[in-house]
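Just below is one structure, and these are the notes that go with it.
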Number of protein chains: 2
Amino acid sequence: MPEAKAFDRVTAVAASGRRDSSDRYDVAIDPEWTIDGRPNGGYLLATMARAAGSALASAEGPDHPHPVTATAHYLAPPSPGPAEVRSEVLRRGRRMSQVRARLEQRGSSSVEAVFTLGRHDPGAEPWWTDLEAPPLPPMDECVRAQGVGPGGVELAIMNQVDVRLDPATAGFTAGRPSGTAEVRGWLAFADGREPDALALLYAADSFPPATLELATLGWVPTLELTVYVRGVPAPGPLMVRQRARLVQAELVDELCDVWDSRGRLVAQATQLAALRVGGASRPPSGKSGRS
Amino acid sequence: MPEAKAFDRVTAVAASGRRDSSDRYDVAIDPEWTIDGRPNGGYLLATMARAAGSALASAEGPDHPHPVTATAHYLAPPSPGPAEVRSEVLRRGRRMSQVRARLEQRGSSSVEAVFTLGRHDPGAEPWWTDLEAPPLPPMDECVRAQGVGPGGVELAIMNQVDVRLDPATAGFTAGRPSGTAEVRGWLAFADGREPDALALLYAADSFPPATLELATLGWVPTLELTVYVRGVPAPGPLMVRQRARLVQAELVDELCDVWDSRGRLVAQATQLAALRVGGASRPPSGKSGRS
């Protein structure tokens, strides 16, 4: 049997054997899937989704193997190491089911999440859309995100994945932010694991903050992340576009859209994150002409 | 003492006196704040936010009177009448706190929500934004949403609020959808209650589905709603813009942005809703030139 790919290994859940009113799963938060030592929020969300899916699958009912919606509030960053996910099936439906999950570490709550689970038809096509994939240069003409970010922050996770930024939105990597709050590019797992519906929960939080293209600002801790998985991605790298719309009162929203290698929109996400602008100079506003 | 305004009356919560591990509040779901007899999702979210805020205020700690984030999964529509909100404080922070809330009726879960609560500075100004309020005609040149919608569906809630649609996005009211998945216009409470941070949770789900401008489709039941409250609105009517981006597999996403009468972005929301397209003819895609 081939060794499990990294993403599958680090998101693994094991029924703890302990039972009370909720199903409990042991997880091991990996030190490599971190930003400055803190676990990436999308990685944690995917891990919790696996626990939610296991809780649902452990009893009778229609098979709902895919995430459809996911919402997470990040209460406190867990440390790499052992943790536990407690899940509660809220509703079993014919077409979809809902499950609540909480990540706990040493008795303290880290992340509170709710999922809708269902089954995506791999052949689904849009009935209507106006959200086209951005035109991206080929991967080998893009700028690979490195394991060390602006200001020397350690981005260990960037060694696990292959994030390639469109040079037009990678100004921050050379200390020259474009002034437009957008980053876009390609995403693949470094070990060649193909994307699936679960991986989209990570993809939705995989890119550097769009605010890095506004000014020399720090990484942004996510307060809340909502992901809608809209389909099963085709094999091949994903296309990701992340944009911020309002920076105010040390909070920023980010919209993230994800397309598969065939150009189909497969995930949409939004997050609210904390951001210290401090003394950073303010870029001109409203200069982008986005669709 | 003047009589309470409608929105304050219908979202009122009363500590039930029963206590277990969570704080419990009695609520009365109003039959007038409904679409086809089903309570509006934003109205329910605002009611639950009041319970969450009461749970937080009932113990010591910094005062966090305003919603900052709200996520809700709608499990089953409650009926108008008595219901209960059970809340659980997840974390008390210095700047923000998080509270979980569940709406139950007759022992069955209806809505599962999580809130971040904090305090918005009424004088906060954007550090950066590119999201400007849409140019809208004056309210009296807009089309008021009526208490009966397309297909004869009863929209009782439209008698409680004053939704005025920009004629450019009100084609559906005359059976001539524009073909662009956008509705925009003005929102006020019918009895003159001024908007506040709480009311923005309702505002984010107050407009007709943007898909009505694509084709003659039905109302859309919300599966999940996420709202970010970005500020305290100034007095006066709100400006609301709601857009859909992808209709696929009988699901549609809707993005909603809300500005106050001074043109400040005060709320951003996204929802995923169920939509039966049935035999409706498919409009051309991607024809809009939005910013």
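Every heavy atom of this structure was used, including side-chain atoms; hydrogens, water molecules and symmetry mates were not. Sequence lines set the chain letters: A, B, ... in the order given, protein chains first and strands last, and positions in each chain run from 1.
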Residues A:Arg86, A:Asp23: salt bridge by 4.0 Å N-O rule: no
Part of A:Glu250 within contact of chain B (heavy atom distance under 4.5 Å): both
Pair count under 4.5 Å, heavy atoms only, with chain B: among A:Gln98, A:Arg95, A:His120, highest is A:Arg95
Salt-bridged, B:Arg262 to B:Glu125, with N to O below 4.0 Å? yes
Answer yes or no: does atom CZ of A:Arg176 have more than 12 heavy-atom neighbours from other residues, nucleotides or ligands under 6.0 Å? no
Return the option, out of A:Val252, A:Thr211, A:Thr69, with the maximum number of heavy-atom pairs under 4.5 Å with chain B. A:Thr69
Contact part of A:Ala215 toward chain B, heavy-atom cut-off under 4.5 Å: side chain, backbone, both or neither? side chain
Heavy-atom pairs under 4.5 Å with chain A are the metric here; pick the option from B:Leu272, B:Leu90, B:Thr226, B:Leu251 that has the most. B:Leu272
Tell me if the CZ atom of B:Arg92 is crowded by more than 12 foreign heavy atoms within 6.0 Å. yes
Does any heavy atom of chain B fall under 4.5 Å from the side chain of A:Arg91, the backbone, both, or neither of them? side chain
Which region of A:Asp121, side chain (C-beta onward) or backbone (N, CA, C, O), has a non-hydrogen atom less than 4.5 Å from a non-hydrogen atom of chain B, or is it both or neither? neither
In terms of side-chain heavy atoms, does B:Thr222 have a donor or acceptor partner in B:Gln271 at a distance below 3.5 Å? yes
Per the salt bridge (Lys or Arg N to Asp or Glu O under 4.0 Å) rule, what does the pair list look like for residues 264-274 of chain A, sequence neighbours excluded? A:Asp260-A:Arg264
Could A:Glu254 and A:Arg243 be called an ion pair, given the rule that one side-chain N must be under 4.0 Å from one carboxylate O? no
If only side-chain N and O atoms count, and only distance matters, is there a donor-acceptor pair under 3.5 Å linking A:Glu112 with A:Tyr74? no
When B:Thr270, B:Leu265, B:Asp257 are compared by non-hydrogen pairs under 4.5 Å with chain A, the top option: B:Thr270
Top of A:Ala124, A:Ser109, A:Ala249 for chain B proximity - count of heavy-atom pairs under 4.5 angstrom: A:Ala124
Give, as side chain, backbone, both or neither, the part of A:Gln268 having an atom under 4.5 angstrom from any heavy atom of chain B. side chain
Please rank B:Asp253, B:Thr116, B:Val68 by heavy-atom pairs under 4.5 Å with chain A and give me the top one. B:Asp253
Report which part of A:Val277 has an atom under 4.5 Å of a heavy atom belonging to chain B: side chain, backbone, both, or neither. side chain
